[in-house]
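Numbers restart at 1 for each chain; the letters A, B, ... are given by sequence-line order, proteins then strands. Quick note: numbers below take in every heavy atom, side chains included, and nothing from hydrogens, waters or symmetry partners.
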Amino acid sequence: MSAANTTPTPPAPAPSDFIRDIVAQHVAEQRYAKIVTRFPPEPNGYLHIGHAKSICLNFGLARENRGQCNLRFDDTNPVKEDIEYVDSITADVQWLIAGWADQCLGFKPKGAHPAAQTVDGKPDYFLPAIEPSALSAQHSAGSAAPAAEPFFASDYFEQLHNYAVELIQRGKAYVCDLTPQETDEYRGAPDKPGRESPYRQRTVAENLDLFARMRAGEFPDGARTLRAKIDMAAPNVWLRDPLLYRIRHVAHHHAGSGWCIYPLYDYAHCLSDYLEGITHSVCTLEFEVHRPLYDWVLENLGLPRPLPHQYEFAKLNLGYTIVSKRRLLQLVNEQVVTGWDDPRMPTLSGLRRRGIPASAIRAFVTGLGVTKFDSVTEVAVFENAVRNDLNAAAQRRLAVLRPVKVVLTNLPAGETIACTATNNPQDEHPTTRPLALTREVFIEADDFAEVPPPKYFRLKPGGEVRLKYACIIKLDEIVKDAAGAVTELRCTAQLDTRSGQPNADKKVKGTIHWVSATTCIDAEVRLYDRLFTVPEPAATEDFLKVVNPHSLEVVTAKLEASLACATADDRFQFERLGYFTLDPKDSQLSAPNAQPKLVFNRTITLKDTWAK
RNA sequence: UGCCCGAUGGUGUAAUGGUAGCACGAACGACUCUGACUCGUUCUGUCUAGGUUCGAGUCCUAGUCGGGCAGCCA
């Protein structure tokens, strides 16, 4: 059974925050027929843990109000975007919400564009999501996979263009010939009003003609722009005749080669929301000063349907972590990591490959709350959510990372003693598996000390320790090679201390893990540690200088034989060590005519309160 | 220094004019065939100054500190 997708969502306390309160009030007032939110990434990088907060908020809002949340690519800048990112983002979102908010995910019919309609006698465009019931109906009808895809702002270029023409006709927008440098100068400064462009008073006819010629490709990049006519003296600089369209003679990864003018965020985003019937447009704090512009565009077009509104919250900052697509791209480009999905990366792909369940990420971000306070969350909170999830989900196994050989001198070679191990003591009705104790076993190097520190519970000269699920052993003799290195520990096994035997209840202070030297298998195990050495890497002068040089250590470990059948969906706890999972990329489970190659990633260590 | 936003233990948050609570963390202890889990005890908080009020973390004013905004990025 796969632990990856069956981890039950923890009994989440009904979240409450200022945005949910607003939505709840709108629901109570019946302001909208249905709550519709959206998650609008730009396809210029992979999604990371910070996006998880936004995804869970937007999909949570939809889920809690029987609404919908559209996945929409905010792809209005073709020079920075790529189809690779469209695919990874789509997969990551679906992974994160799987089993939780699948029914809320808004897709549109493949290839669909907003349809012209009439509302209250006014022309309008609308592109609603496919009803989830329609999607599942197609499934059960046995037809091919429903032809659905995410939303793309670039699918609205035609409508956006029509709205721009409308704005020009209303005298609310004009074509400006200022160069980029001049535009900056004319804008003024936050504490100094700007100056009006000399092109501001062009006639509607002139603007219409020029805008048409912009679209027709008559002018080079940067020669002209379309600008909103608002107020060059506004204290909010985003209201100083902001740019609506710029000229870029490049093809678009989704829209093709039909355009050489592309809309800017502030113009495209609010209208994309409107076209999809979004009711609550939730974004991060840095867009707060853009909200008046969001409202201005919609209000000045006289649109017939209820308008969406923007609400802002503080994005996630995590200790010892970089949450910035630009900087993560740098880590990839400079090969500090092996790729966007390197298990040390805070990307959703990296976390997934590392073995962190989606349910743990959801529990983590849900517990954070939603506020307008710019904060930094300690990694311990995230790690706690991961351990919490995995403790309940993971199958226990025995594995030795740094082996030391132990010989049980009173056990004849070739004899095996059958033991029984518990798969997960957290289960209500735990299952078991057989384990074989043999004359030679491996134990963890850390679990033996010739000169033990105070309060050392493990194996020491003359001391006793329990081999978990087997019996108590006593260390009689330490064998070393010529160089003085320990080669073998000779012990006596107290077989009557096994479960079910007369002395089973004998207590020793320490219990350690082990594997049979004759039946164990070898595997590569990758031990990950945090990628940065300081709590706020983004705040340092050069974050590449605080990369942890020990973020990855690779060992060849000895694993109990049952692990040979592991699958990439399994989550394991190697007892007393931590949580591990098969690396889905580098493991070769069914290599023809060859031994399967097992590569395990350490997801996270167990908590260790025995400080060393 | 123009505009906008924010401030509750070490960290993240709750309390919507009426007992400052929860989680993480830390310390100690109990339990333990995982030094895990679980359980128990303890620790630390309303930025400052005024005002309104029977009563203020909450409302008002001023200040302090922090964040954001001057891309033809999103």
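Sorted by first then second residue, the salt bridge (charged side-chain N to carboxylate O under 4.0 Å, His left out) pairs that include residues 226-255 of chain A, not counting sequence neighbours, are A:Arg200-A:Asp241. Residue pairs that meet the ring-ring contact (aromatic ring centres under 6.0 Å, His included) test with at least one member in residues 172-193 of chain A, sequence neighbours left out, do not exist here.
Dashed line: the shortest gap from a side-chain N or O of A:Arg458 to OP1 or OP2 of B:rU34 is not under 4.0 Å. One finds a side-chain N or O of A:Arg576 lying less than 4.0 angstrom from the OP1 or OP2 phosphate oxygen of B:rG35. OP1 or OP2 of B:rC73 sits under 4.0 Å from a side-chain N or O of A:Arg246.
For A:Ser499, there are no side-chain contact (heavy atoms from CB on, under 4.5 Å) partners, not counting sequence neighbours. The side-chain contact (heavy atoms from CB on, under 4.5 Å) check on A:Pro452 picks up A:Ala449, A:Tyr456, A:Lys460, with sequence neighbours excluded. Considering only residues two or more places apart in sequence or on other chains, A:Trp238 meets the ring-ring contact (aromatic ring centres under 6.0 Å, His included) condition with A:His290. Residues passing the side-chain contact (heavy atoms from CB on, under 4.5 Å) test with A:Glu383, sequence neighbours excluded: A:Val379, A:Arg387, A:Arg530, A:Ile604. Under the side-chain contact (heavy atoms from CB on, under 4.5 Å) criterion, A:Thr432 pairs with A:Thr420, sequence neighbours left out.
Rounding to whole angstrom units, CD of residue A:Glu383 and C1' of B:rG25 are separated by 12 Å.
No contact: A:Lys192 has no heavy atom under 4.0 Å from any strand.
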Report all interatomic pairs (protein N or O, nucleotide N or O of nucleotides 39-45 of chain B) with separations under 3.5 Å.
none

Look for any protein N or O under 3.5 Å of an N or O in nucleotides 12-18 of chain B and output each such pair with its distance, or none.
from	atom 1	to	atom 2	distance (Å)
B:rG12	OP1	A:Val376	N	3.2
B:rG12	O3'	A:Ser375	OG	3.3
B:rG12	O2'	A:Leu368	O	3.3
B:rU13	OP1	A:Thr371	OG1	3.0
B:rU16	O4	A:Asp21	OD2	2.4

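Residues from residues 281-294 of chain A that place a heavy atom under 4.0 Å from any atom of RNA chain B, listed by number: A:Glu286, A:Phe287, A:Glu288, A:Val289, A:His290. Of all the residues in residues 264-273 of chain A, A:Leu264, A:Tyr265 reach under 4.0 Å from RNA chain B with at least one non-hydrogen atom.
Helical stems of RNA chain B (runs of at least 3 Watson-Crick or G-U pairs, donor-acceptor distances under 3.5 Å) are listed by first residue: B:2-7 with B:64-69, B:10-13 with B:21-24, B:25-30 with B:38-43, B:47-51 with B:59-63.
If you take atom C1' in B:rC43 and the same atom in B:rA23, they sit 16 Å apart, rounded to whole Å.
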